[in-house]
Amino acid sequence: MMAGNWAALPHMPETEKAAARIIWRSSVDSTNALARRMIQSGELPLASGRELGVSVVLADRQEDGHGRLGRRWVSEPGASLTASFVCPIPTNLATDPRFNGWLPMIAGLASLDALTQTLAACQAEPCAPDCSLQLKWPNDIYCQGLKLGGILAELVPLVGERTRMGLILGIGMNLSLGAERHPTPQTTSLHMHWSPLPPITDLSDRILAALTRSLAARLQDFCADPQAQSTVLLEECSGKSWTLGRQVEARLAAGGSLVGRATALNPDASLTIEDDQGQSQQVHTGDVGILP
């Protein structure tokens with residue numbers, strides 16, 4: 001099912017098959033904000049029953065997109081993928097600090113799944129010996145040490161419900177952004193590392209469809225047994241981490257910063273950082289930058 005600006009709606013047959021609903025706008029303040037408003041107003045009903053249906057909210061342009069800690073996320077029309085993925089999850093899981101830190105990490109793994117599957121289907125080849133895709137804790141997609149995409153997870157209360165909440169996973173990726181248009185020297189774009197790639201609409205459709213399917217499967221497993229899945233996710237995320245073993249600076253959500261070496265990802269998805277005096281501290285929320 002689709003709704004939106006029909007004149008500008010791109011042809012996305014694969015995403016139509018994978019998503020419970022597609023909401024399209026040519027321009028929005030942010031896809032996460034639009035998803036939140038539509039959930040709260042009842043315009044975007046969330047799936048019920050045993051199957052976890054994932055809806056996709058898409059825009060070609062975001063006027064006021066944000067990442068973690070209120071940072072601005074810039075999306076380029078015709079060059080970036082800008083989407084929010086929406087589904088219900090149990091309230092007791094969403095509010096449990098033992099498990100809810102894994103939600104953005106699941107989105108990161110699903111993003112790697114989607115990119116890997118799409119590149120293989122397109123028979124794209126890396127432009128350099130090592131173009132591996134990795135995750136920077138807690139919510140960035142990296143390629144060759146540069147930021148390819150970011151993730152913002154939000155939880156929305158559902159009117160009249162106590163047992164479920166709405167999960168919104170905003171995911172932005174640079175797909176065909178020229179080097180001269182990157183907002184910082186630390187960012188990159190998929191086409192700078194892999195080729196050949198199909199036209200942007202086809203590429204976006206393939207990635208969105210694969211991402212929707214991977215998110216649905218991973219979240220379904222996580223909701224069914226968060227304890228067991230946390231162990232699985234810990235091993236998988238540790239093996240795909242760009243952060244572990246590197247010198248980092250964590251800017252903490254509560255204020256201040258912590259500099260040291262990232263030594264471990266923990267069972268609750270927090271990050272352990274060891275400072276120069278050998279003291280370790282777990283970081284649960286904040287922004288982590290890789291130091292030279």
Student: Got a sec, which residues hit side-chain contact (heavy atoms from CB on, under 4.5 Å) with L175, two or more places apart in sequence or on another chain?
Tutor: L81, M173, L190, I200, L203, S204, I207

Student: Does a salt bridge link R61 with D29, judged by any charged N lying under 4.0 Å from a carboxylate O?
Tutor: no

Student: For the residue pair L135 and M105, what are the closest heavy atoms and their distance?
Tutor: CD1-O, 4.4 Å

Student: Which residue pairs pass the side-chain hydrogen bond (donor to acceptor under 3.5 Å, both in side chains) test when at least one of the two sits in residues 87-97, sequence neighbours left out?
Tutor: D96-R98

Student: With heavy-atom distances below 4.5 Å as the criterion, would you say the side chains of L167 and F85 are in contact?
Tutor: no

Student: Considering all heavy atoms of both residues, which atom of C127 and which atom of W194 are nearest to each other, and what is their separation?
Tutor: SG-N, 3.6 Å

Student: According to salt bridge (charged side-chain N to carboxylate O under 4.0 Å, His left out), who are the partners of E274, at least two apart in sequence or on a separate chain?
Tutor: none

Student: Hey, are S270 and D268 close enough side-chain-wise for a donor-acceptor pair under 3.5 Å?
Tutor: yes

Student: Between E14 and R206, does any side-chain N to carboxylate O distance fall below 4.0 Å?
Tutor: no

Student: For residues 115-124, which side-chain donor-acceptor pairs fall under 3.5 Å, sequence neighbours excluded?
Tutor:
{"from": "T116", "atom 1": "OG1", "to": "L112", "atom 2": "O", "distance (Å)": "2.8"}
{"from": "T118", "atom 1": "OG1", "to": "A114", "atom 2": "O", "distance (Å)": "2.8"}

Student: Test: salt bridge (charged side-chain N to carboxylate O under 4.0 Å, His left out). Region: residues 216-238. Which pairs qualify, not counting sequence neighbours?
Tutor: D113-R218, R218-E236, E236-K240

Student: Only distances under 3.5 Å count here; give the side-chain donor-acceptor pairs of residues 243-250 to other protein atoms, sequence neighbours excluded, each with its distance to 0.1 Å.
Tutor:
{"from": "T243", "atom 1": "OG1", "to": "W137", "atom 2": "N", "distance (Å)": "2.9"}
{"from": "R246", "atom 1": "NE", "to": "W242", "atom 2": "O", "distance (Å)": "2.6"}

Student: Just verifying a value: how many Å separate T163 OG1 and L93 CG, rounded to the nearest 0.5 Å?
Tutor: 12.5 Å

Student: What's the shortest heavy-atom distance between S30 and Q62, and which atoms?
Tutor: CA-OE1, 3.2 Å

Student: OG of S111 to CD1 of I141: how many Å apart, nearest 0.5 Å?
Tutor: 3.5 Å

Student: Is there a donor in the side chain of T188 and an acceptor in the side chain of H193, or the other way round, less than 3.5 Å apart?
Tutor: yes

Student: Calculate, to the nearest 0.5 Å, the distance between atoms CZ and OG belonging to R36 and S41 respectively.
Tutor: 12.0 Å

Student: Go through it in stages, so that I can follow the logic: the residues are I273 and R261, the test is side-chain contact (heavy atoms from CB on, under 4.5 Å), and I'd like the CA-CA distance, side-chain angles, deciding distance and then a yes or no.
Tutor: CA-CA 5 Å; I273 298 176; R261 187 169 64 92; over 6 Å; no

Student: Just by distance, do the side chain of T15 and the backbone of D205 share a donor-acceptor pair under 3.5 Å?
Tutor: yes

Student: My understanding is that only residues two or more places apart in sequence, or in another chain, count here; which of them pass side-chain hydrogen bond (donor to acceptor under 3.5 Å, both in side chains) with Q40?
Tutor: none

Student: Search all heavy atoms of A83 against all heavy atoms of L58 and return the closest pair with its distance.
Tutor: CB-CD2, 3.5 Å

Student: Just wondering, do Q227 and F99 contact through their side chains at under 4.5 Å, heavy atoms?
Tutor: yes

Student: Considering all heavy atoms of both residues, which atom of N100 and which atom of A94 are nearest to each other, and what is their separation?
Tutor: ND2-O, 2.9 Å

Student: Within the structure provided, determine whether W102 and S230 are in side-chain contact (heavy-atom separation under 4.5 Å).
Tutor: yes

Student: Quick one: closest heavy-atom pair of G170 and S84, and the distance?
Tutor: CA-OG, 3.7 Å

Student: T263: what forms a side-chain hydrogen bond (donor to acceptor under 3.5 Å, both in side chains) with it, not counting sequence neighbours?
Tutor: none

Student: Just jot down the salt bridge (charged side-chain N to carboxylate O under 4.0 Å, His left out) partners of R213, sequence neighbours excluded, or say none.
Tutor: none

Student: Among residues at least two apart in sequence or on other chains, which ones pass side-chain contact (heavy atoms from CB on, under 4.5 Å) with A107?
Tutor: I151, L169, I171, L215

Student: Other hydrophobic cluster members with V259, side-chain heavy atoms of Ile/Leu/Val/Met/Phe/Trp/Tyr under 4.5 Å, chained?
Tutor: L291

Student: If hydrophobic clusters are built by linking Ile, Leu, Val, Met, Phe, Trp and Tyr wherever their side-chain heavy atoms come under 4.5 Å apart, do L146 and L197 end up in the same one?
Tutor: no

Student: Which pairs pass salt bridge (charged side-chain N to carboxylate O under 4.0 Å, His left out) with one or both residues in residues 134-145, sequence neighbours excluded?
Tutor: K136-D140, D140-K147

Student: Determine whether V283 and L258 make a side-chain contact, defined as any pair of heavy atoms from C-beta on separated by less than 4.5 Å.
Tutor: yes

